[in-house]
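In what follows, residues are counted from 1 in the order of the sequence shown.
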Amino acid sequence: MRRSLLVSLVLGLFAASATTAQAANRWIEPKTPLNIAHQGGEDEFPSNTVYAFRKAIKVGADMLELDVGVTKDGKVIVMHDTTVDGKTNGHGTVASKTLRQIKKLDAAFWFAPGASDHYSHALPPRTYKLRGIATGKRKPPKGFKASDFRVPTLAEVLKAFPRTPINIEIKGRTPDEATEEYVQNAEVLARLLKNTKRRDLIVVSFQQAAVDRFHELAPKVDLAPGITGAANWLLSGGSPGPGVVAFQVPITFTTGGTKLDITTADNVARAHREGYAWQNWFSNEDRDAAATWRNLIDMCVDGTMTSHPRAYEKVLRAHKRPRSCG
């Protein structure tokens, strides 16, 4: 009898502590996972533009995901790639250009909404339906400005979306992709955000050193861990690092020829017990598509970074998560 009572008491305390941990983390979503527009939903809208961010929110996105780098004159701009070549009509690295030079570029130049490869450079000119709006050669759609199709600064995005949660990924910005570059960019970002009153931001980087340095300088801003922090928690049972509120990880990850299952129901449940949210992105081996989304919903993830926020929202409305997630 006493043993049974003791077991019940321990289980009750465990459940209570798990509930308390979850309640303390605003990123844990008990009802519906967040529709997080990856690069603003780059397969539906031109990557990392204000136009994409506004369209993504209109079709149902709850949160924006974006990438930042630092220009030659120390300005934090929003762009995924190391160079401007892939998405704009310019050439060269982000780090080699001033903000003034960046602002002259057409950020929708290579976006082909009807193509299977949305940023192919080998398609007929008529395929790039938003080309020329940024530079004034074409009129913007109703309700938008030419500047919505240029490369934005992070400050501009924060001002334009004051009540929309935003995920900010720190990138390196030269072909070397050295850790020092990430750390330097983390320091510039921290100077921008250290006095922010917003509590709906998450900062992340693949490089743990960048995450740690950012936290040193801007400790009030929420974090997701780098690869090292996530691996320490997943593989060793250790801490993902100070300031971490959410894991942002792929479904699977291949290292040394071995494919690891990262996003699993057990890992999500463990994260929730320990007070962490779980948000996933898609590696090259994961399909950003409806069947995968439904599996993720059933695993009780707290958010999915999708390139298709419009399509994902339709699945969210039709496929309810299990009651056990609450």
Side-chain angles (χ1 to χ4, degrees), residues 36-57 61 63-90 92-111 118-119 130 133-134 144-174 177 181-182 184-193 196 198 200-206 210 214 218 221 224 248 281 305-307 309:
I36 307 172
H38 187 263
Q39 297 179 40
E42 77 270 29
D43 284 356
E44 294 180 339
F45 314 112
S47 168
N48 277 328
T49 58
V50 170
Y51 172 77
F53 298 146
R54 293 196 187 282
K55 292 288 285 186
I57 290 170
M63 184 175 185
L64 302 174
E65 189 275 346
L66 53 81
D67 310 271
V68 296
V70 178
T71 62
K72 184 178 180 179
D73 50 346
K75 304 301 181 182
V76 182
I77 59 108
V78 178
M79 183 175 286
H80 177 271
D81 299 347
T82 298
T83 72
V84 301
D85 298 57
K87 303 293 196 307
T88 82
N89 56 331
T93 64
V94 170
S96 69
K97 298 187 179 299
T98 64
L99 179 61
R100 185 177 181 180
Q101 291 172 316
I102 291 284
K103 281 296 185 180
K104 293 180 180 179
L105 301 177
D106 183 343
F109 191 82
W110 292 113
F111 179 64
H118 298 290
Y119 298 92
L130 301 176
I133 297 174
F144 294 95
K145 302 173 293 185
S147 59
D148 295 333
F149 297 83
R150 298 177 193 139
V151 178
T153 65
L154 179 60
E156 289 169 341
V157 174
L158 293 173
K159 183 178 180 180
F161 303 95
R163 290 175 292 277
T164 302
I166 298 176
N167 191 81
I168 302 166
E169 182 179 343
I170 303 167
K171 295 286 193 179
R173 278 297 173 256
T174 73
E177 290 284 301
E181 298 172 23
Y182 284 80
Q184 181 180 355
N185 288 353
E187 292 173 345
V188 176
L189 178 63
R191 287 196 290 271
L192 178 65
L193 295 180
T196 184
R198 293 186 61 156
D200 59 352
L201 308 177
I202 297 180
V203 169
V204 66
S205 177
F206 283 120
F214 177 86
V221 180
Q248 294 180 347
W281 47 272
M305 299 179 185
T306 178
S307 302

Residue pair [X] / [Y]: nearest heavy atoms and the distance that separates them:
{"X": "Ala107", "Y": "Pro46", "value": "O-CB, 4.5 Å"}
{"X": "Ala190", "Y": "Phe214", "value": "CA-CE1, 3.6 Å"}
{"X": "Gly41", "Y": "Pro309", "value": "CA-CD, 3.5 Å"}

So do [Y] and [X] actually touch side chain to side chain, heavy atoms under 4.5 Å?
{"X": "Val151", "Y": "Val94", "result": "no"}
{"X": "Val84", "Y": "Lys97", "result": "yes"}
{"X": "Glu42", "Y": "Tyr119", "result": "yes"}
{"X": "Ile36", "Y": "Trp281", "result": "no"}
{"X": "Asp106", "Y": "Thr88", "result": "no"}
{"X": "Leu64", "Y": "Ile57", "result": "yes"}

Just list the side-chain donor-acceptor pairs under 3.5 Å for residues 159-170, sequence neighbours left out, or say none.
unit_1: Asn167; atom_1: OD1; unit_2: Gln248; atom_2: NE2; d: 2.5
unit_1: Asn167; atom_1: ND2; unit_2: Gln248; atom_2: OE1; d: 3.4
unit_1: Glu169; atom_1: OE2; unit_2: Lys171; atom_2: NZ; d: 3.1

Step by step, work out the side-chain contact (heavy atoms from CB on, under 4.5 Å) result for Leu201 and Leu158. CA-CA 10 Å; Leu201 308 177; Leu158 293 173; 4.0 Å; yes
Candidate list Thr49, Asp81, Asn48, test side chain to side chain donor-acceptor pair (under 3.5 Å), partner Lys87, passing option: Asp81
Stepwise side-chain contact (heavy atoms from CB on, under 4.5 Å) test for Tyr51 and Leu130: CA-CA 10 Å; Tyr51 172 77; Leu130 301 176; 3.8 Å; yes
Is the backbone N or O of [Y] less than 3.5 Å from a side-chain atom of [X], with the two atoms forming a donor-acceptor pair by type?
{"X": "Asn89", "Y": "Phe109", "answer": "no"}
{"X": "Tyr182", "Y": "Phe206", "answer": "no"}
{"X": "Gln184", "Y": "Glu181", "answer": "no"}

Once you round to the nearest 0.5 Å, how far does [atom1] of [X] lie from [atom2] of [Y]?
{"X": "Gln101", "Y": "Ser96", "atom1": "CD", "atom2": "OG", "result": "7.5 Å"}
{"X": "Gln39", "Y": "Met79", "atom1": "CD", "atom2": "CE", "result": "10.5 Å"}
{"X": "Asp85", "Y": "Thr93", "atom1": "CG", "atom2": "OG1", "result": "9.0 Å"}
{"X": "Phe149", "Y": "Leu105", "atom1": "CZ", "atom2": "CG", "result": "15.5 Å"}
{"X": "Phe53", "Y": "Phe45", "atom1": "CZ", "atom2": "CZ", "result": "12.0 Å"}
{"X": "Leu193", "Y": "Arg191", "atom1": "CG", "atom2": "CZ", "result": "11.5 Å"}

Identify the residue among Leu189, Val203, Ile202 that makes a side chain to side chain contact (heavy atoms under 4.5 Å, CB included) with Val221.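 It is Val203; the other options fail the test.
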Under the criterion side-chain contact (heavy atoms from CB on, under 4.5 Å), I'd like the reasoning laid out for Ile102 against Lys75: C-alpha separation, chi angles, the key distance, then a yes or no. CA-CA 10 Å; Ile102 291 284; Lys75 304 301 181 182; over 6 Å; no
Please walk me through it: do Val68 and Asn185 pass side-chain contact (heavy atoms from CB on, under 4.5 Å)? CA-CA 8 Å; Val68 296; Asn185 288 353; over 6 Å; no
Report, as yes or no, whether the 6.0 Å neighbourhood of atom CZ on Arg100 holds more than 12 heavy atoms from other residues, nucleotides or ligands. no
Residue pair Lys103, Glu156: steps toward the salt bridge (charged side-chain N to carboxylate O under 4.0 Å, His left out) verdict: CA-CA 12 Å; Lys103 281 296 185 180; Glu156 289 169 341; 2.7 Å; yes
